[in-house]
Amino acid sequence: MAVPPSTYPRRLLPLFLGLFQAALLLFFALFVTYDKSSAQVEDTSLVANQVYSTFPFFQDIQVMLVVGLGLLLTFLPRYGFSSLTHNFLLLNFSMQWALVLQGLLHHFHRGQIHLDLHKLLISEFAAVTVLISVGAILGRASPCQLLVMATCEIPIYLASEWVIVTCLGVLDVGGTITIHIFSCYFGLGVSKALFRTTQQPPHPKETPTPSSDLMSLVGTLILWVFWPSFVAVLCQPGDAQHRAILNTLLAMSASAITTVVVSSLLERDGKLSPGHLQNGSLAGGVAIGVVADMAVPPVAALALGSLSAVLCVLGFRFLTPLLGRKLTLHDQCGIHNLHGLPGILGAAASVVAVLAAAGLAVAVGASLLAGLLTGAALRLPCLARPPERLCFDDSLYFKIQDQAGSAGPDSSAEEGALALKEQV
Amino acid sequence: MAVPPSTYPRRLLPLFLGLFQAALLLFFALFVTYDKSSAQVEDTSLVANQVYSTFPFFQDIQVMLVVGLGLLLTFLPRYGFSSLTHNFLLLNFSMQWALVLQGLLHHFHRGQIHLDLHKLLISEFAAVTVLISVGAILGRASPCQLLVMATCEIPIYLASEWVIVTCLGVLDVGGTITIHIFSCYFGLGVSKALFRTTQQPPHPKETPTPSSDLMSLVGTLILWVFWPSFVAVLCQPGDAQHRAILNTLLAMSASAITTVVVSSLLERDGKLSPGHLQNGSLAGGVAIGVVADMAVPPVAALALGSLSAVLCVLGFRFLTPLLGRKLTLHDQCGIHNLHGLPGILGAAASVVAVLAAAGLAVAVGASLLAGLLTGAALRLPCLARPPERLCFDDSLYFKIQDQAGSAGPDSSAEEGALALKEQV
Amino acid sequence: MAVPPSTYPRRLLPLFLGLFQAALLLFFALFVTYDKSSAQVEDTSLVANQVYSTFPFFQDIQVMLVVGLGLLLTFLPRYGFSSLTHNFLLLNFSMQWALVLQGLLHHFHRGQIHLDLHKLLISEFAAVTVLISVGAILGRASPCQLLVMATCEIPIYLASEWVIVTCLGVLDVGGTITIHIFSCYFGLGVSKALFRTTQQPPHPKETPTPSSDLMSLVGTLILWVFWPSFVAVLCQPGDAQHRAILNTLLAMSASAITTVVVSSLLERDGKLSPGHLQNGSLAGGVAIGVVADMAVPPVAALALGSLSAVLCVLGFRFLTPLLGRKLTLHDQCGIHNLHGLPGILGAAASVVAVLAAAGLAVAVGASLLAGLLTGAALRLPCLARPPERLCFDDSLYFKIQDQAGSAGPDSSAEEGALALKEQV
């Protein structure tokens, strides 16, 4: 396995995380407590009701982020463990970091922060932005770089969300603008600044295998099933929430079918591309968020779902290669196609077009700029950017058994090929 | 890969789906709206309650159909992508098509159809019949054939369900007769008419691998866990729903254990067959549907679960080969064993035996006839029935990477074997 | 495949299970009925409410046990089918057996046992102990041995739980002491008595492959997501349940991050060990159970989660090898690290330290002794302990296709290697 990278940056990960966890413990010990609602009898049932109406949605969203999104990212055949684990680690880290920041910003009364399920949910939404942005540089960044990125992105997201929702008054219950568009352009900014003008060459470990593509599709299906919970959880209970669920179901159903249509049309022999299916089926859920709870007619949800799937698949086919060639913009998972284009479509469709446009400008502008700056910071040599040869390779971060000699024939063959390549 | 099949039928899929989606948009634009219940204050909480009591069940059923059933069908090792995707596509297509038909038939008042979650759920139930029937011809039919089949099956199901439930007054809350028996014999009819008298030879790609069998078993377990939601969702809230949940849990638990007993007894050396486990464990859920919410004693649920598992495993061992030899009836997934036999058992066990018998006659007779006619229609050459050599092969419908040269050793070996076969 | 083990013990499995199932049917026919709450009008809504507040938690727990735990155990690459199926079979068997015993012990009034969802849930909790204990001897015990073990463990658990909760008054809502500690030491006792002083040599089929490790990690993530439901389901609805959910979320989030920190520190080059992640991430859930619903500050949950992850990872790194060498104690899945150490930590942290200590003594002492006796019983030759050569091998219990000749290159290679080894 040639010379291993120096061990110093490897110590950076536990050091960084360990210090963060210690600081979090200190912060919680000093400032965080649970609601004392049991003191007031009438509040108890209210709190209980809030828990029971939120908790099932919360669990659905946890399944989406931990299992669904994790599996979706395992399309890189030799990077499955890293994809799942980094996604899981970043979710927990970002959620805790958002909890601290939000507590300080919004909920700090009388020296105490009162924790409840709703605040955890809001922090989880903040963490989603990190998980999306990471898609742009998946496999080419070290865990330390990803953690620094999360550290930067969470406060910028909170500021951006505050400007868009509180200052501009944009209604965006499903996070189309505040989450999807923001995280997409932040991620692209990071990618641009991190890789500069060097176009990333195709990597031998980048190509999915049938079995890794299948796992990834299972992830898509899990996301697809639970997406209505993600869009509807923050709606007003009752009619608005009912509408949000129905609109999301319709949009996603239309996306699924339209993706098959467009993907099949784009390939000369009418076959379907796994990548299109994995992403296009979800595009409707991204686009519908901004109008999900509004009194739009059902046909609008269907149309939005169809159109966003068209945009997403076209984006994969034409825009991503173009951006790669012209702007040397690297987008590993195609987040611009799944989160950027459908998000902009959804924002454009919003009936509060003027405000949404202003919100859109904030989301795109601020996130892109912040992403560029963050990406530049990730170039710090101490953050251990993986060497090109070991990108997309679990063995850089995990004790993988098949290195130890008990390898199956194909992995050893590939190792051999790599060794050969190094000699040349 | 030798001469590709002509590209013309490949264009049929996007054309068919695209036109359907456009027509759906038009239909929704003209006729579909949401409930305007927010006008009446007292209704709001009712609607909300209905949503909150239905939505968790609805999500469970979505998980079953999209993830559980999808994975169950991936036992064909080189057809996993197609199984998952065709199942997903057919669910969405059939659900939309059922929504249109049901809207026209039942809910068309004052020129408008009022959409709500309950109507989506009913349409989803209709779509289940298609997903089950497809099991009989999985891997040997093109997507276009499957879509035509869905187009035919949905209206016939709606008519059959109307006759059985509304006209005959059969109580069948879990869909034992209306869904499982109907879709089983419809699927067998399609298979019979499609393949006529030619017995399908064993196909080299039909044999599961350990890893594809494992994925399929995971699908079974997901279906097993959420099955009570499927049976109970349409019950009267309260005691009846509680009973339906308990009866289903008991029946499925008995099925699981009995399947191990019978499978182990049937093999000379006492080993278990993965196929028996994947299907027998679910047989109790099929059988219990028709009596789930009735005041039957718990022992009846256990007995029904055990017996249906016995029937299912015996069916796999003896009946399927017999039907294949004597009637040249091809049943790829063994839907007759999982849905037909346990369904008939459940119907027979129904305390409303007279009515159920009449319902049974409708379900078996109508579905078999309709299936035969539909299967005959699928023989139209333009529907692109896959050539025998490419049955059970993802590469016919998907851009599979391992064709491109980066194949692992075993796939290239198999390609080589195929190439050899062609030369001969 | 050399000489097959004699077929006699193979018949034992269906015989044992078949007789059990018949006895269960008889028992249910004579004694079990559903609640007749529909007679009293006022009770109906109460029962309904109980169902609707319990059922979603119940489903979550079913997903954990059937899918999550099942997948977690598939880290043995050639034993995936057995792991999933034995786990599934034991869950059903133990649940039914616990239902009978609990019915006889606690709920036998006027000659009848009134079955409801809550009693099923309690029985499911009893079954969990078996599923955990089995982890100590996974792959080295036959299904018959496992069933005998379950038959012994369930009544001992019920007695132990009665002593700890009812007699000693220990509050243990999440089962830290009654379930995790009990089942850990019971399992270790069984392992010790079963394997005696012979240290188990490393087995060639014991080593996980990247893909089996990945499936196992997916199982961990499913367990991680739904763990709050497991801890909170038996809490008082309202504030206590809300606190239990929040405490569990915090503890598990801290565990996830701390596991990465410690695992990375322990390896010389800073890589992560899949086994640490698969177990350490869940340690917080084990430890938090005993105090989850108490009015502890949030920082205590975080600290407990972090500490238990530290203990768990250190246990894997240092304690398991030590126990193996010094006490010849075999612990295949490391249940002592995941359930024993964090459980003891949680018990120690319990504010009712005195009582918990007494409960701890009961749980450890009684379970260890009972486990030793049970393990000695499992040495009966008629229970078909698998020969060393066929440990960790699905082909002993399942009709596996790749034996039949259609094997991929790597499996046949391994068979070849085995054959070679036998010759030597």
Side-chain angles (χ1 to χ4, degrees), chain A residues 4 7 9-11 13-14 17-18 20-21 24-25 28-29 32-35 37-38 44-45 47-48 51-52 55-56 59 62-63 66-67 70-71 74 78 80-81 84-85 88-89 92-93 95-96 115-117 120 143 211 215 394-402 404 406 408-411, chain C residues 53 56 60 204 207-211 213-214 217-218 221-222 224-226 228-229 232 237-243 245-247 249-250 252-258 260-265 267-275 277 281 295-303 306 409-410 413:
Chain A
T7 58
R10 292 301 177 79
R11 290 283 171 249
L13 178 68
L17 277 178
F20 172 77
Q21 207 65 2
L24 186 83
L25 276 170
F28 263 65
V32 183
T33 181
Y34 288 130
D35 266 337
S37 63
S38 48
T44 308
S45 74
V47 168
V51 175
Y52 298 122
F55 186 57
Q59 293 280 80
Q62 292 260 71
V63 175
V66 174
V67 185
L71 284 177
T74 59
R78 296 176 65 79
F81 233 89
L84 264 183
T85 308
F88 180 56
L89 177 64
N92 281 287
F93 173 80
M95 201 263 283
Q96 295 178 5
L115 195 66
D116 59 20
L117 193 59
L120 278 183
S211 81
M215 289 293 275
D394 275 341
S395 65
L396 189 59
Y397 306 118
F398 289 92
K399 271 172 66 184
I400 298 292
Q401 293 295 348
D402 69 350
S406 69
D410 82 317
S411 69
Chain C
S53 64
D60 286 357
T207 314
T209 60
S211 82
D213 253 342
L214 192 67
L217 184 62
V218 172
L221 296 179
I222 292 173
W224 190 89
V225 164
F226 290 111
S229 296
D239 271 2
Q241 203 163 35
H242 190 183
R243 263 200 312 272
I245 290 171
L246 292 173
N247 277 327
L249 287 169
L250 289 176
M252 301 204 78
S253 192
S255 279
I257 290 187
T258 307
V260 172
V261 173
V262 183
S263 179
S264 178
L265 281 176
E267 299 292 326
R268 215 182 38 192
D269 51 0
K271 294 186 183 184
L272 304 175
S273 156
L277 277 167
S281 316
V296 296
V299 68
L302 278 180
S306 280
D410 82 317

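All chains are named by letter (A, B, ...) in the order of the sequence lines, taking the proteins before the strands, and each is independently numbered beginning at 1. Hydrogens, waters and symmetry mates are skipped; everything else that's a heavy atom, side chains included, is used.
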Exercise for the section: Let me know if A/Gln21 has heavy atoms under 4.5 Å from chain C in its side chain, its backbone, both or neither. Expected result: side chain
Handout entry: Top contributor to chain C contacts, counting heavy-atom pairs under 4.5 Å, from A/Leu117, A/Leu25, A/Asn92
Key = A/Asn92
Problem - Largest heavy-atom contact set with chain A, pairs under 4.5 Å, which of C/Leu250, C/Thr258, C/Leu246 - result: C/Leu246
Exercise for the section: Select, from C/Pro297, C/Ala254, C/Ser211, the one with the greatest count of heavy-atom pairs under 4.5 Å involving chain A. Expected result: C/Ala254
Practice task
Measure distances from A/Phe88 to the heavy atoms of chain C and classify the residue's part below 4.5 Å as side chain, backbone, both or neither.
Solution key: side chain
Handout entry: Under the side chain to side chain donor-acceptor pair (under 3.5 Å) test, residues paired with A/Gln59 that sit two or more places apart
Key = C/Asp60, C/Ser229
Fill in the blank from the handout: Cut-off 4.5 Å, heavy atoms of chain A, and the answer for C/Ile245 is side chain
Practice task
Flag the pair C/Leu272 / A/Phe81 as yes when at least one side-chain heavy-atom distance between them is below 4.5 Å, and no otherwise.
Solution key: no
Fill in the blank from the handout: On a heavy-atom basis, the closest approach of A/Arg11 and C/Glu267 is NH2-O, 3.6 Å
Exercise for the section: Please examine the side chains of C/Phe226 and A/Gln62, heavy atoms only from C-beta on, and report whether any two atoms are closer than 4.5 Å. Expected result: no
Fill in the blank from the handout: For C/Val261 and A/Pro14, the nearest pair of non-hydrogen atoms, with its separation, is O-CB, 3.6 Å
Problem - Results of side chain to side chain donor-acceptor pair (under 3.5 Å) for A/Asp116 - residues two or more places apart only - result: none
Handout entry: Which atoms of C/Ser264 approach chain A - backbone, side chain, both or neither, heavy atom under 4.5 Å
Key = both
Handout entry: Portion of C/Ser281 that has a non-hydrogen atom of chain A nearer than 4.5 angstrom
Key = side chain
Handout entry: Segment of A/Leu17 engaging chain C (4.5 angstrom heavy-atom cut-off)
Key = both
Practice task
Find the distance between CD (A/Gln96) and CG (C/Leu302) and round it off to the nearest 0.5 Å.
Solution key: 6.5 Å
Completion exercise
Bottom line for C/Pro56: the part with an atom under 4.5 Å from chain A's heavy atoms is neither
Exercise for the section: May I ask you to check whether C/Asn247 and A/Tyr34 show a side-chain donor-acceptor distance below 3.5 Å? Expected result: yes
Exercise for the section: Using non-hydrogen atoms and a 4.5 Å limit, figure out which bit of A/Val32 sits close to chain C: side chain, backbone, both or neither. Expected result: both
Practice task
Evaluate the side chain to side chain contact (heavy atoms under 4.5 Å, CB included) criterion for residues A/Phe93 and C/Val260: first the C-alpha distance (whole Å), next the side-chain angles of each, then the deciding distance (0.1 Å), finally the verdict.
Solution key: CA-CA 11 Å; A/Phe93 173 80; C/Val260 172; over 6 Å; no
Exercise for the section: Measure the CG-NZ distance between A/Leu13 and C/Lys271 for me, rounded to the nearest 0.5 Å. Expected result: 14.0 Å
Exercise for the section: Heavy atoms only, distances under 4.5 angstrom: which of C/Val262, C/Leu217, C/Val225, C/Ile222 has the most pairs with chain A? Name it, please. Expected result: C/Val225
